[in-house]
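Here the structure is a predicted model, which is why all the values come from computation and not from measurement.
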Amino acid sequence: MRALFFFLFTSLLMIACSTQNSNEGNVSNESKVKNLYAELATNFHNATKALEKVVLEDMNDSTQIRLLFQETRNNYKQLEAIFEYYNPELGKKLNGPAIFKSDIHAPERVIPPSGFQVLEELIFPVYNLEELENIEIEAKRINARVSIISRDAPYLELNDQNVIEAVKAEFYRIGSLGLAAFDCPVTLNAIEEMKYSLKGIEQILNIYSDALTTNQKNELESLFEKAYQFIEQNPDFLSFPRLVFTTEYLQPLYSKVFQVQEANGIENNSFRSPVDYSNKLLFANNPFDVNFFSPNDNQLPNDKAVEFGRVLFYDANLSVDGTRSCATCHNPSKAFSDGLSKSISVNGSPVKRNSPTILNSGYQQNQFYDSRVQLLETQIKDVINNPSEMHGNFREAVKKISSDEKYLDLAKAAYDVEQIENEDVLKGLAAYVRSLDSFNSRFDQYLAGNKSQLNEAEVRGFNLYMGKAKCGTCHFTPLFNGTLPPHYLDTESEVIGVPSAPDTINATVDADSGRFYKHYGAYNLFAFKTPTVRNITLTAPYMHNGVYETLEEVMDFYNRGGGAGIGAELDHQTLPPDHLELTDHEIGDIISFLGSLTDTTSYKSKAEYGEAISLNTY
């Protein structure tokens, strides 16, 4: 009996062990990624606990506190791809800029900054003993938030499509924010931190690498190792060869993600995202999906809708007296600006602001300098109705257009309608404006593999743009506007202290209140949307009030520290007030680089270019 019992017990034990081993061998890649993320989150939490402990117990040990701070940052970077993809809002609280903001929904409410960048400013470059209480508060706050991340990590619901997309998004983060030290602006430790971001990516891809051939695995491993070696050989943030790193390491590694994806049979997500993640070139060949930034009722407009909008754009009938069209202030020969310091109103007097380019304006989450509307459709209606701009009456303009057989035919072809409605006009004009993209500059061609497109000065200029000059922390590569990578959910506004006149000593801030016009929070006063610097050599004069005639003047303004450096000081200037100490030669290199962003190919070859410049509406 004992022998039978022992036999049965042994058999059941063997079956149980066999089942357990079988289950372990069949763990899904999704589960493995979840386990990896949970492990990294635990490491991250251990690091923040150690940091908090030292802060609380030995506040005067600044050396140890700084070392532990950097260790927590490196731990964060390793799990950043997954964490930021699934928790973008918590990511802002943990790793957002150290800037006070006014709540857009309740302007009287101030949102104070928190997280790593706040603590970084408190302990670098000088460890200020007067800030001990604030250091303690921020260390506690960071650890509390990370404890939530660690606690929730094992329960995160993952799928392969999202994991692969998160990895791709991390490459966009590295190539735009990482190379500009966006989230470590004081320590400038971005080059080391990039290594940990790549290590996090490598750990994820290794989980999926069983589907690769042996050669493919070896190539992937070798490429990561070479990228780490390149980083270790070029540790200095200011001199780091960014374009070499982007084209010879980031781009090839990005391509490997597609190889891993295809080997595992993982489809791209079906929902819209700001980046077209089927594009295998990082940053090149217009990687963005303009429909992500468009309303649901104007997605994927057909060519006929764009043509309807194109004809409307150049028609002066949209104005009350028939004297001006949209092209009056957005002249294609000037990259769709008008070349004036401030555009001229219907009555012949200057309007409040400079006329910006509308090229790539579809890739923004806000419109107008003051960001008062979100959609192009709303902006267009506002402009037509504005007494100073089109001096129009939108409804009357639509009635006038509706009586024209030409427009009836165009609208019917575009929307299969028998009569033109208000929304048809808005949708058509917006569809046309969104078609005006500009992603074929010499810089774009360089990223796509044609290294002959940039000269040495332009390459140096890009390095300065992303490094010493700090341009890339506001005008983000590769859109070069204020739409924040890699989620592209926010288009930022900045307070930079633009003067009313080009004074460099006793300047006064321009009286235009900017975003405060619509959103009355104190931190919105003098805040303006960050525009694109693509085609900037064609769109002089510069700033919202056209105060600067040349790019040299613009660079001098930033070199001095913005308004703070020329006497126009503001309590809440978001532009760092530090003098950049750029030499004339370095400024020349940056301007050379900006020239490489010029691209008129998308519209100069179209009929409207010749048609528009022949109009007497300028």
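For Q367, the side chain to side chain donor-acceptor pair (under 3.5 Å) partners two or more places apart in sequence, or in a different chain, are Q364. Listed by chain and number, the residues in a side chain to side chain donor-acceptor pair (under 3.5 Å) with N360 amount to none (sequence neighbours excluded). Considering only residues two or more places apart in sequence or on other chains, R534 meets the salt bridge (charged side-chain N to carboxylate O under 4.0 Å, His left out) condition with D444. Checked against side chain to side chain donor-acceptor pair (under 3.5 Å), T530 has no partners two or more places apart in sequence or in another chain. Here D103 pairs with R109 under the salt bridge (charged side-chain N to carboxylate O under 4.0 Å, His left out) rule; sequence neighbours left out. With sequence neighbours left out, K304 forms a side chain to side chain donor-acceptor pair (under 3.5 Å) with no residue at all. Legend: residues meeting salt bridge (charged side-chain N to carboxylate O under 4.0 Å, His left out) with K140, ordered by chain and number and at least two apart, are E136. The salt bridge (charged side-chain N to carboxylate O under 4.0 Å, His left out) check on E421 picks up nothing, with sequence neighbours excluded. Every ring pair (Phe, Tyr, Trp, His ring centres under 6.0 Å) that Y76 has, sequence neighbours left out, goes to F44, F83, F116.
One finds the CG atom of N29 at 11.5 Å from the CG atom of N206 (value rounded to the nearest 0.5 Å). For the atom pair N74 CG and K195 NZ, the distance stands at 8.0 Å (nearest 0.5 Å).
Exactly one residue among V257, L253, I82, V260 makes a side chain to side chain contact (heavy atoms under 4.5 Å, CB included) with V167. That residue is V257. Of the residues listed (E165, E80, K168), the one engaging Y85 in a side-chain hydrogen bond (donor to acceptor under 3.5 Å, both in side chains) is E165, and it is the only one. Each of F462, F230, Y249 was compared with F240 under the ring-ring contact (aromatic ring centres under 6.0 Å, His included) criterion, and only F230 meets it. Among Y465, F439, Y363, the one residue that satisfies the ring-ring contact (aromatic ring centres under 6.0 Å, His included) test with F480 is Y465. Among the candidates R272, E377, R434, the single residue satisfying the side-chain hydrogen bond (donor to acceptor under 3.5 Å, both in side chains) test with S294 is R434.
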Passes side chain to side chain contact (heavy atoms under 4.5 Å, CB included), Q453 versus S596? Steps please.
CA-CA 8 Å; Q453 289 296 316; S596 77; over 6 Å; no
Using the side chain to side chain donor-acceptor pair (under 3.5 Å) rule, take N268 and Q261 through it: C-alpha gap first, then chi angles, then the decisive distance, then the call.
CA-CA 9 Å; N268 287 317; Q261 181 181 359; 2.8 Å; yes
How far apart are the C-alpha atoms of E193 and S197, what are their side-chain angles, what is the distance that settles it, and do they pass the side chain to side chain donor-acceptor pair (under 3.5 Å) test?
CA-CA 6 Å; E193 290 185 4; S197 296; over 6 Å; no
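Inter-residue side-chain proximity for Q203 and L40 is flagged as met; some heavy-atom pair is nearer than 4.5 Å.
Listed for the E30 side chain is a donor-acceptor partner under 3.5 Å among the backbone atoms of D160. A distance-only check finds a donor-acceptor pair linking the side chain of T491 to the backbone of Q365 [under 3.5 Å].
Among pairs with a residue in residues 199-210, those fulfilling salt bridge (Lys or Arg N to Asp or Glu O under 4.0 Å) read D210-K217, at least two apart in sequence or across chains. Within the structure, ring-ring contact (aromatic ring centres under 6.0 Å, His included) contacts touching residues 198-224 (residues at least two apart or in different chains) do not occur.
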Hey, can you pull the donor-acceptor pairs under 3.5 Å for the side chains in residues 170-177, sequence neighbours left out?
unit_1	atom_1	unit_2	atom_2	d
E170	OE1	R173	NH1	2.3
Y172	OH	F283	N	3.4
S176	OG	Y172	O	2.5

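In this structure, Y86 has its ring center no closer than 6.0 Å to that of Y37.
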